[in-house]
Protein chains: 2
Amino acid sequence: MKMTGKPEATWRMPNQLASMISELRHLVREKTFRAGEQIYAQGEPSNSFYFVVSGLVQISIFRIDGVEIVLEKMGPDTICGEATAFAGLPSFSSAVATEPTTVLEFEARRLPDLFREHPEFALILLRLTSLKQRVLALRLEQMVSNKPEERVLELLTRLGEMFGTRHAKGNMVRTRLTHEMIAAMTGVSRVTVTRTLKRMRESGTLYLDDGYFVISPAHAERLDVG
Amino acid sequence: MKMTGKPEATWRMPNQLASMISELRHLVREKTFRAGEQIYAQGEPSNSFYFVVSGLVQISIFRIDGVEIVLEKMGPDTICGEATAFAGLPSFSSAVATEPTTVLEFEARRLPDLFREHPEFALILLRLTSLKQRVLALRLEQMVSNKPEERVLELLTRLGEMFGTRHAKGNMVRTRLTHEMIAAMTGVSRVTVTRTLKRMRESGTLYLDDGYFVISPAHAERLDVG
DNA sequence: CGCTGACAGTATCCGGCGATACAGCGCCGA
DNA sequence: TCGGCGCTGTATCGCCGGATACTGTCAGCG
């Protein structure tokens with residue numbers, strides 16, 4: 001199951017999908033976005049979902065108080081917006097290209113015809129939405145706790161599973177994350193992120209190498225049961 | 001879009017699905033569970049998902065520290081376990097029948113054949129998983145905040161949208177919920193739930209009638225944007 | 001070479017939630 | 001009728017995260 005990724009991305013998908021997508025060019029329209037442009041907006045319904053070809057797309061929820069919660073940063077070979085397109089309800093999140101980005105736009109209403117010919121495509125989509133559901137549930141599991149260490153560790157562990165590489169001290173997370181980004185993704189304040197990371201380094205849970213996080217193996221298996 | 005429900009359930013689905021399910025009897029196996037019996041267990045992979053015919057199924061996540069987080073209580077005409085069956089990964093949650101329950105067991109591996117004949121069934125499943133994803137994301141949005149009022153209000157508002165009935169003072173939530181259950185679903189302590197509900201009653205956000213919660217209209221539209 | 005801005009680290013203070021303990025209350029069954 | 005139990009309401013206390021403000025550091029760039 002080879003995967004692709006981007007340094008700042010927080011999500012990746014099996015290449016299997018990317019190859020399948022290429023068979024479906026007749027269904028899609030290519031679109032390009034400049035850095036800062038919005039792909040879809042929170043609160044608006046949509047019939048399309050998007051496959052990121054290149055670039056980086058930030059998925060976030062804006063709370064009523066204006067606080068932005070970053071759900072994911074989707075790199076190449078990932079899809080987004082599918083939940084909105086399938087559920088037929090206003091989007092719960094918005095997507096903004098944080099750098100020049102090219103996407104393929106799929107229209108959900110064309111899917112029934114497609115499924116007749118390619119039932120395996122339906123299974124792939126089901127698998128993808130189920131994976132997202134799973135990750136959201138696991139994030140929720142950590143979020144109910146107000147302990148910042150759990151919140152941060154959940155994020156880093158997940159990224160470690162997705163992008164991790166072997167390292168003498170454990171699992172190295174190959175995603176560049178500022179403390180502020182971690183704060184936006186975990187819902188704790190930036191100051192607390194700094195404090196927490198320090199604590200974790202002192203307790204041996206975490207290790208820093210060249211600006212990358214390394215998670216000690218003793219803590220990395222934490223999510224395997226879920 | 002008619003729906004059915006149970007007094008203690010926290011989820012419901014369009015009847016459209018129930019009628020569709022009846023066409024698929026040849027694919028399924030009926031199973032019954034006594035109160036307290038487990039339908040599937042957290043941590044174990046599974047190829048099956050379940051359609052609840054009658055009874056009540058509690059979906060929860062057990063954290064490493066033993067704390068139980070209740071995700072939903074699924075009543076009749078709902079499905080559960082589909083994310084695990086589709087993703088092919090260990091289940092992030094466990095399902096326990098809290099009263100005598102009958103379910104239909106679907107096997108995910110038979111789906112491709114089914115989709116070829118009934119592509120619309122794939123769309124329905126996609127819609128259901130997308131709805132769950134949406135609800136999880138919205139719950140996450142509230143969970144990042146540590147304010148108990150937001151957490152509790154998110155739950156009640158959602159139940160109000162699903163089960164709400166007109167009431168002089170606003171939207172009445174027709175789901176029986178103990179403070180303890182709210183605590184297990186929102187991740188705040190039982191004591192804080194009591195405190196918070198009192199505050200909300202005093203501020204006019206919430207109203208109590210015959211043991212049911214009534215949400216003032218001014219606060220009920222809060223989630224409409226998401 | 002120094003300016004600037006983004007990011008990381010740290011201190012102080014306050015508010016509020018969790019833990020714990022206990023009292024009131026209503027329902028149900030012996 | 002009484003006792004037990006599950007649920008709600010409330011008090012006390014300790015702890016810790018958010019807000020705020022400030023400093024230090026490094027990179028990029030004129």
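Treat the numbers as computed from the prediction; the structure is a model and nothing was measured. Every chain is numbered from 1 and lettered A, B, ... according to where its sequence line falls, protein lines coming before strand lines. Side chains included, hydrogens not; waters and symmetry mates left out as well; all remaining heavy atoms used.
Atom pair B:Met200:CE and D:dT8:P shows a separation of 15 Å (rounding to whole Å applied). Atom pair A:Glu150:CD and C:dG18:P shows a separation of 13 Å (rounding to whole Å applied). Residue A:Ile182 contributes atom CD1, which lies 19 Å from atom P of C:dA6 at whole-angstrom precision. The nearest whole Å value for the distance from the CZ atom in B:Arg201 to the P atom in D:dT8 is 11 Å. C:dG15 atom P lies 17 Å from atom CG of B:Asn146, rounded to whole Å. Regarding B:Leu177, its CG atom lies at a distance of 12 Å from the P atom of D:dC7, rounded to whole Å. Atom CE in B:Met143 sits about 18 Å away from atom P in D:dG17, given to the nearest Å. In this entry the distance linking CD of B:Glu8 with C1' of D:dC7 reads 16 Å, nearest Å.
B:Ser46 and B:Ser48 form no side-chain donor-acceptor contact under 3.5 Å, judged by distance and modelled atom types alone. Checked by atom type, the side-chain pair B:Glu149/B:Gln142 shows no donor-acceptor distance below 3.5 Å.
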Can you build the contact string for nucleotides 19-26 of chain C? Use B for base contact, S for sugar-phosphate-only contact, and - for no protein heavy atom under 4.0 Å.
-B------
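Within the 4.0 Å cut-off from OP1 or OP2 of D:dG9, not a single side-chain nitrogen or oxygen of B:Lys198 is found. Not one side-chain nitrogen or oxygen of B:Thr192 sits closer than 4.0 Å to the OP1 or OP2 atom of C:dC17. For C:dT10, the OP1/OP2 oxygens have no side-chain nitrogen or oxygen of A:Arg199 closer than 4.0 Å.
Nearest heavy atoms, A:His167 versus A:Val214: ND1-CG1, 3.7 Å.
By the 6.0 Å and 45° rule, B:Arg174 stacks over the aromatic ring of B:Tyr212.
Within the nucleic acid shown, B:Lys147 has no heavy atom closer than 4.0 Å to any nucleic acid atom.
The pair B:Lys132-B:Glu82 counts as a salt bridge, with a side-chain nitrogen and a carboxylate oxygen less than 4.0 angstrom apart. Salt-bridge check for B:Arg158 with B:Glu72: passed, with a basic side-chain N closer than 4.0 Å to an acidic carboxylate O.
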Residues A:Ser93, A:Gln42; criterion side-chain hydrogen bond (donor to acceptor under 3.5 Å, both in side chains); working and verdict
CA-CA 5 Å; A:Ser93 62; A:Gln42 180 173 342; over 6 Å; no
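Each end of the helix from C:dC1-D:dG30 to C:dA30-D:dT1 gets its own axis, taken as the rotation carrying the C1' atoms of four end pairs onto the next four within a five-pair window, and the two axes meet at 30° to the nearest 10 degrees.
The structure places CZ of A:Arg199 at 6.5 Å from CZ of A:Arg195, a figure rounded to the nearest 0.5 Å.
Considering only residues two or more places apart in sequence or on other chains, A:Lys31 meets the salt bridge (Lys or Arg N to Asp or Glu O under 4.0 Å) condition with A:Glu105.
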